[in-house]
Amino acid sequence: MRELLAAVYAEEWGRIVATLIRSTGDWDLAEECAQDAFAQALVRWPVDGVPRRPGAWLTTTARNRALDRLRRDAVEAGKLREVAMSTPEPDPWDEEPDAVPDDRLQLIFTCCHPALSLDARVALTLRSLAGLSTAEIARAFLVPERTMAQRLVRAKNKIRRSAIPFRVPPAHLLPERLEAVLAVVYLLFNEGYAATAGEVLIRGGLSAEAIRLGRVLAALMPDEPEVHGLLALMLLHEARRPARLDAGGDLVPLEEQDRTAWDHPRIEEGLAILDRVLRRRRAGRYQVQAAIAACHASARRAEETDWPQISLLYGQLTRLAPGPVVELNRAVAVAMADGPAAGLALVDALRDDGHLTGYHLLPATRADLLRRLGRREEAVVAYREALSIVGTDAERRYLARRLGELA
Amino acid sequence: MVVKYLMLVVADGKPSEDPTGDDIVAWVTEMDNRGIRLFGNRVVSPDEATTVQVRDGEVLLTDGPYAETREQMAGFDIIECGDLDQAIEVAARHPMARHGRIEVRPFWRE
């Protein structure tokens with residue numbers, strides 16, 4: 001029963017909260033009543049049996065609870081508060097299940113409104129849409145629970161007092177607002193993907209949530225190519241997860257990964273989504289990144305990787321989404337396609353303009369290229385520089401191993 | 001729903017001349033006609049401000065602003081909008097958004 005409820009929770013939480021926010025405008029009330037409904041299900045379902053449509057049962061229960069609370073507040077206040085809920089509207093629960101409006105799209109656009117800080121957007125999305133508890137979000141982002149609770153309260157206050165609208169933005173705002181939504185989903189995915197030993201379990205859950213959100217978005221916005229591009233990208237990266245760490249928890253570089261350990265059904269799914277969306281010929285940064293991931297995913301052996309194609313795709317990506325990190329990745333691809341000297345020229349240009357100062361992958365990449373060019377002493381210096389600023393333990397061990405090989 | 005916002009019009013510490021000329025008049029006229037702008041004005045530069053404090057029942061005056069900042073409030077507007085997206089659109093069209101910046105703050109609500 002608990003397993004069933006957990007599955008229903010993951011599927012239905014965001015939908016219930018979104019519906020209640022739309023009808024009451026009260027985020028805290030929506031969350032509390034959704035929580036209540038699940039608590040009731042835990043008591044009632046083992047006795048009464050699982051309802052035919054668990055989602056509808058939970059939504060009705062949560063909504064009745066919200067109505068009770070609003071009525072009680074109204075009585076206590078001695079007057080009828082004007083609530084959208086009391087205005088007659090067709091009851092969605094009288095309709096066929098397919099006709100029940102899905103308000104999650106409004107919710108995600110509100111959670112990811114650019115007037116909120118990025119931290120606030122991420123926290124709100126995880127709390128309201130994905131249903132993670134404040135404690136879970138706090139653990140995932142390594143901040144005290146109190147800090148995360150304050151962040152959520154502040155964000156909800158801003159939504160309410162500043163009147164951030166609960167809606168899908170109109171056409172003239174949609175491109176930039178959708179970009180903000182996709183950025184939050186991708187950030188969530190990367191938070192879960194880049195983390196290594198120690199926090200793997202908690203943080204890995206973030207990637208799963210991001211993919212789940214990506215699927216919801218793809219279903220709700222079928223005509224937006226970049227939504228599908230992002231979903232394909234996440235699936236193709238996630239498919240490599242089983243091979244990314246060795247038994248000791250160390251990062252395994254792509255070219256050394258055991259490709260038979262990759263999640264091939266997931267790769268197939270990602271490739272199919274990407275194929276369909278590329279045929280629309282409306283390229284965007286996520287589609288191009290997914291195409292790069294697809295080149296890696298379709299190479300059965302590292303030596304079969306189509307580096308000239310990847311290098312071209314990075315060229316396209318630097319035009320769609322220019323930035324020093326993309327340029328660094330392009331340098332790596334160029335080094336593989338045209339030789340380490342060509343790649344090193346790009347890396348050195350990046351080093352000279354100073355945008356990536358303090359980013360450990362710049363000296364780490366330089367070090368690898370210098371090593372491949374046989375410039376051992378310069379490589380040692382660059383590995384040491386990378387080691388002095390590297391972030392995670394697994395990456396530190398990887399660099400130390402490379403340095404050890406040169407000494 | 002209608003929400004009132006205070007728009008603080010902030011200049012970038014340059015001389016207090018108005019670099020935007022008639023643009024502001026056009027903005028004011030449009031927003032007044034749309035029923036969005038309720039009130040507003042330019043204010044003199046902070047060095048002509050008088051800061052007032054009462055401590056132990058005594059009125060203390062300072063000639064000048066309460067805090068020295070490079071950026072200074074050049075004016076303000078009270079606007080009434082349906083939601084923040086509309087307030088953002090209104091603020092973004094204010095000429096000073098291009099030369100300085102506009103801080104949008106909703107009126108206090110519990």
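What you see below is based on every heavy atom in this structure, not just the backbone, and it leaves out hydrogens, waters and symmetry mates. Reminder, nothing fancy here: chain letters follow the sequence lines and each chain counts from 1.
- For A:Asp353, the CG atom sits in a packed shell: over 12 heavy atoms of surrounding residues, nucleotides or ligands are nearer than 6.0 Å.
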Chi angles and distances behind the side-chain contact (heavy atoms from CB on, under 4.5 Å) call for A:Leu173, B:Glu89: CA-CA 11 Å; A:Leu173 290 176; B:Glu89 180 237 304; over 6 Å; no
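- Put simply, the side chain of B:Asp85 reaches to within 4.5 Å of the side chain of A:Arg177, judged on heavy atoms.
- Rounding to the nearest 0.5 Å gives a distance of 11.0 Å between OG1 of A:Thr110 and CG of B:Leu84.
- Around CZ of A:Arg104, the count of heavy atoms belonging to other residues, nucleotides or ligands within 6.0 Å exceeds 12.
- The local environment of CZ in A:Arg154 is sparse, with at most 12 non-hydrogen atoms from other residues, nucleotides or ligands closer than 6.0 Å.
- Shown here is B:Arg105, whose CZ atom has no more than 12 heavy atoms of other residues, nucleotides or ligands within 6.0 Å.
- More than 12 heavy atoms of other residues, nucleotides or ligands shown are found within 6.0 angstrom of CD on A:Glu176.
- Once rounded to the nearest 0.5 Å, the distance linking CZ of B:Phe107 with CZ of A:Arg161 reads 14.5 Å.
- Interface remark: A:Arg167 contributes side-chain atoms only to the contact with chain B (heavy atom separation under 4.5 Å).
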Derivation of the side-chain contact (heavy atoms from CB on, under 4.5 Å) call for A:Ile164 and B:Asp83: CA-CA 6 Å; A:Ile164 291 179; B:Asp83 58 36; over 6 Å; no
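- Taking each heavy atom of B:Val3 and A:Ala163 in turn, the nearest pair found is CG2-CB, 3.5 Å.
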